[in-house]
Amino acid sequence: MTERELMQTAQQARKNSHSPYSHFRVGAALLTKSGKVYTGCNIENAAYPATVCAERTAIFKAVSEGEHGFEALAIVGGREGETASLCAPCGVCRQVIAEFCPKDFKILLGTPEKFTSYTLEQLLPLSFTGEDL
Ligand code: THU
């Protein structure tokens, strides 16, 4: 799977977004080292804090299936009807990514047509992880 295909998979996953409150739709696609892809979308709730982001949906689906080695995560998002040029993961998602992925883990942001690859270290420098405990 190429990086572009992973971005396209995230865009597809975005179609399942349940976002009747924010109207901000996000899709994510997580590539495992074994070549499997787990997708996720944001799932909102009338009790707002119960909402889960697309990235965490994908990661929790994968981990709950026993997956642990991850290669890259693609994220596509934006307001309903449009695709933002960049949808950056929230702080909570960055922390969850850091729980399961190394510092050089790739995070692809943008659109399938134009995206940039960042490392987890770039998006969450000086992170607090299990190694600090
Ligand atoms: N959201 C995500 O799913 N991922 C992000 O990276 C940023 C925000 C969701 C949460 C909420 O459903 C909506 O976007 C607006 O914050």
Side-chain angles (χ1 to χ4, degrees):
M1 151 117 9
T2 65
E3 291 185 347
R4 186 171 301 276
E5 285 167 343
L6 196 63
M7 288 297 284
Q8 285 166 342
T9 306
Q11 192 173 46
Q12 274 293 118
R14 188 182 173 218
K15 293 186 176 153
N16 293 328
S17 166
H18 174 73
S19 39
Y21 307 107
S22 73
H23 303 286
F24 192 89
R25 302 169 70 85
V26 187
L30 177 67
L31 179 65
T32 70
K33 287 205 184 295
S34 59
K36 243 177 128 177
V37 176
Y38 288 84
T39 60
C41 60
N42 56 328
I43 304 170
E44 297 185 348
N45 194 285
Y48 296 169
T51 291
V52 66
C53 291
E55 300 89 323
R56 274 176 287 148
T57 301
I59 292 168
F60 293 158
K61 276 171 72 178
V63 173
S64 69
E65 297 292 323
E67 295 283 356
H68 276 284
F70 301 118
E71 194 77 41
L73 176 70
I75 306 167
V76 176
R79 291 192 206 101
E80 219 161 68
E82 51 188 85
T83 306
S85 57
L86 188 144
C87 175
C90 79
V92 173
C93 286
R94 292 179 201 211
Q95 184 66 33
V96 169
I97 295 167
E99 180 70 22
F100 298 105
C101 305
K103 289 183 190 305
D104 63 354
F105 176 71
K106 272 193 265 182
I107 300 170
L108 311 177
L109 303 180
T111 67
E113 294 73 37
K114 191 173 187 293
F115 57 90
T116 306
S117 176
Y118 298 89
T119 64
L120 175 60
E121 171 73 8
Q122 284 176 302
L123 298 189
L124 191 67
L126 295 175
S127 58
F128 183 83
T129 69
E131 284 170 23
D132 297 299
L133 294 172

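These figures come from a predicted structure and were not determined experimentally. Both ligands and their constituent atoms are indexed starting at 1 by order of listing. Side chains included, hydrogens not; waters and symmetry mates left out as well; all remaining heavy atoms used.
Remark: the S17 side chain and the S19 side chain contain an N/O donor-acceptor pair separated by less than 3.5 Å. Side chain to side chain, Y38 and E67 meet the donor-acceptor criterion of an N or O pair below 3.5 Å.
Ring pair F70/F105: centre-to-centre distance not below 6.0 Å.
Using a cut-off of 4.0 Å between Lys/Arg side-chain N and Asp/Glu carboxylate O, K106 and E3 are scored as salt-bridged.
Under the rule for a side chain to side chain donor-acceptor pair (under 3.5 Å), the partners of T83 that lie at least two apart in sequence or sit in another chain are R14.
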Determine, step by step, whether S22 and E44 satisfy the side-chain hydrogen bond (donor to acceptor under 3.5 Å, both in side chains) criterion, reporting the C-alpha distance in whole Å, the side-chain angles of both residues, the deciding distance to 0.1 Å, and the verdict.
CA-CA 8 Å; S22 73; E44 297 185 348; 2.5 Å; yes
Contact table, ligand 1 N/O with protein N/O, distance under 3.5 Å:
residue  : atom   : partner : partner atom : Å
ligand 1 : 3 (O)  : A54     : N            : 3.0
ligand 1 : 4 (N)  : E55     : OE1          : 2.9
ligand 1 : 4 (N)  : E55     : OE2          : 3.4
ligand 1 : 6 (O)  : E55     : OE2          : 2.5
ligand 1 : 6 (O)  : A88     : O            : 3.2
ligand 1 : 12 (O) : N42     : ND2          : 3.0
ligand 1 : 12 (O) : E44     : OE2          : 2.5

